[in-house]
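A, B, ... follow the sequence lines: proteins, then strands. Residue 1 opens every chain.
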Number of protein chains: 2
Amino acid sequence: MNRESANERLVRYGVKPSVQRIAIMDYLLANRTHPTADEVYSALCPSIPTLSKTTVYNTMKLFVENGAALMLTIDDKTARFDGDTSLHAHFICKQCGKVHDLPFTGRKRAGSFQLDGHLVEEVHHYYKGVCSQCQEGACPSS
Amino acid sequence: MNRESANERLVRYGVKPSVQRIAIMDYLLANRTHPTADEVYSALCPSIPTLSKTTVYNTMKLFVENGAALMLTIDDKTARFDGDTSLHAHFICKQCGKVHDLPFTGRKRAGSFQLDGHLVEEVHHYYKGVCSQCQEGACPSS
DNA sequence: ACCCAACTTTGTAACGATTACAATTTTAAA
DNA sequence: TTTAAAATTGTAATCGTTACAAAGTTGGGT
């Protein structure tokens, strides 16, 4: 069974497709590295030379608003984006900055729910520390 | 039983006290609003007119490094700080931006631990949605 | 009390992520 | 084809944060 295409995913989430949007979603689906807007821009520039960084920001905002992607605030320097909207946790390495997926261990609740009088729409579980690579002193970027 | 003073807390965490550091820690302990550096600066300026915003940033960094305070990355706009370092979760309202404490429901582990090969030093549980006040259409700042 | 080195604080300038905005281009329906 | 709405683009502005060097403060040894 094939993975859903970027275009199909956009349609499923009610986002009108365009060359740029498809390319960005495609990058998110193919690269589960939780990239920043800048990383997405740099990666796509070669194939779409006219791409603007503003478009990346606008598009990310649109994706998030439509539930087609997640914005992570795990990194205090910059926003990161995740095309995998299923419930999972994230780990960020304080040394190399890389973000890894981890299984979600908390109680799983569908959609949004009330908690202490507040309407919860998103649940984020963030772990911060030193990744396995960096523990071995083997992290390339530091 | 009296609450620990700001000065005592600094000493306990190995932070050499100063007028500015005591004032900032005192503010954190007295105001559990998870303030931004700017909010701390604005609040303390009247009483310490020579205070510099750089000092607030430096001091917050020092507190966090020494475990005397937490930096929250729940808000994508700006860092927020918490003088309560006990294990608890946070909720941020997407409308008014206020951050509330919530009980921590996950598995409680002491200090740092290994998870999937990574050394976890901090655990953050963030909930995002609409706070009770804003749900009633009663939030002052929006 | 004085001196000096280490530490702290301060102000300014720089930096970088993000957004505002207006112009241009593209899309799609009539 | 025409035309209005939507999308994209580039530039400039904004704002949180950090770098840096100067000025101020502290505490120990004399």
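- OP1 and OP2 of D/dT25 both lie 4.0 Å or more from every side-chain N or O belonging to B/Gln20.
- Heavy atoms of A/Thr55 sit under 4.0 angstrom from at least one base atom.
- Of the charged side-chain nitrogens involved, none lies within less than 4.0 Å of a carboxylate oxygen, so that A/Lys128 and B/Glu121 do not count as a salt-bridged pair.
- Distance, A/Arg21 CZ to D/dA6 P: 11 Å, rounded to whole Å.
- Per the geometry, CG belonging to B/Asp38 stands 9 Å off P belonging to D/dT17, to the nearest Å.
- Where A/Pro49 and A/Leu62 meet DNA chain D, the nucleotide closest to each residue was compared, and A/Leu62 sits on the side nearer the 5' end.
- Straight-line distance from the NZ atom of B/Lys53 to the P atom of D/dA19: 17 Å, rounded to whole Å.
- Rounded to whole angstrom, the span from the CZ atom of A/Phe81 across to the P atom of C/dT18 amounts to 7 Å.
- Side-chain proximity of B/Ser52 to the nucleotides C/dT18, C/dT10, D/dT18 is greatest for C/dT10.
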Each nucleotide N or O in nucleotides 20-28 of chain C that has a protein N or O under 3.5 Å away: list the pair and distance.
unit_1: C/dA20; atom_1: N6; unit_2: A/Thr54; atom_2: OG1; d: 3.4

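- Between A/Asp76 atom CG and C/dG16 atom C1' there is a gap of 13 Å when expressed in whole angstrom units.
- A/Thr50 has a side-chain polar atom (N or O) that falls below the 4.0 Å cut-off from OP1 or OP2 of D/dT9.
- In the set D/dT17, C/dA17, C/dT9, the nucleotide with an atom closest to the side chain of A/Thr78 is C/dA17.
- Look at A/Arg12 and A/Glu8 and you find no salt bridge, because none of the NZ, NE, NH1 or NH2 atoms lies under 4.0 Å from a carboxylate O.
- Taking only side-chain nitrogens and oxygens, B/Lys77 comes nearer than 4.0 Å to OP1 or OP2 of C/dT19.
- We find that CD of B/Glu39 is positioned 11 Å from P of D/dT17, with the value rounded to whole Å.
- Scanning all heavy atoms of the two residues, the minimum distance from A/Ser132 to B/Gly117 falls at CB-O, 3.2 Å.
- B/Asp75 places its CG atom 15 Å from the P atom of D/dC15, with the value rounded to the nearest Å.
- Counted by atom type alone, A/Ser5 and A/Asn7 present zero donor-acceptor pairs between their side chains at under 3.5 Å.
- A distance-only check finds a donor-acceptor pair linking the side chain of B/His88 to the backbone of B/Ser86 [under 3.5 Å].
- Comment: B/Asp38 engages B/Lys53 in a salt bridge, judged by a side-chain N to carboxylate O separation of less than 4.0 angstrom.
- The phosphate of D/dT17 (OP1 or OP2) has a side-chain N or O of B/Tyr57 nearer than 4.0 angstrom.
- Rounded to an integer number of Å, the gap from B/Leu51 CG to C/dT12 C1' is 16 Å.
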Show me the donor-acceptor pairs within less than 3.5 Å that the side chains of residues 14-22 of chain B make with the rest of the protein, sequence neighbours left out.
unit_1: B/Ser18; atom_1: OG; unit_2: B/Gln20; atom_2: N; d: 3.4
unit_1: B/Ser18; atom_1: OG; unit_2: B/Arg21; atom_2: N; d: 3.1
unit_1: B/Arg21; atom_1: NH1; unit_2: B/Lys16; atom_2: O; d: 2.8

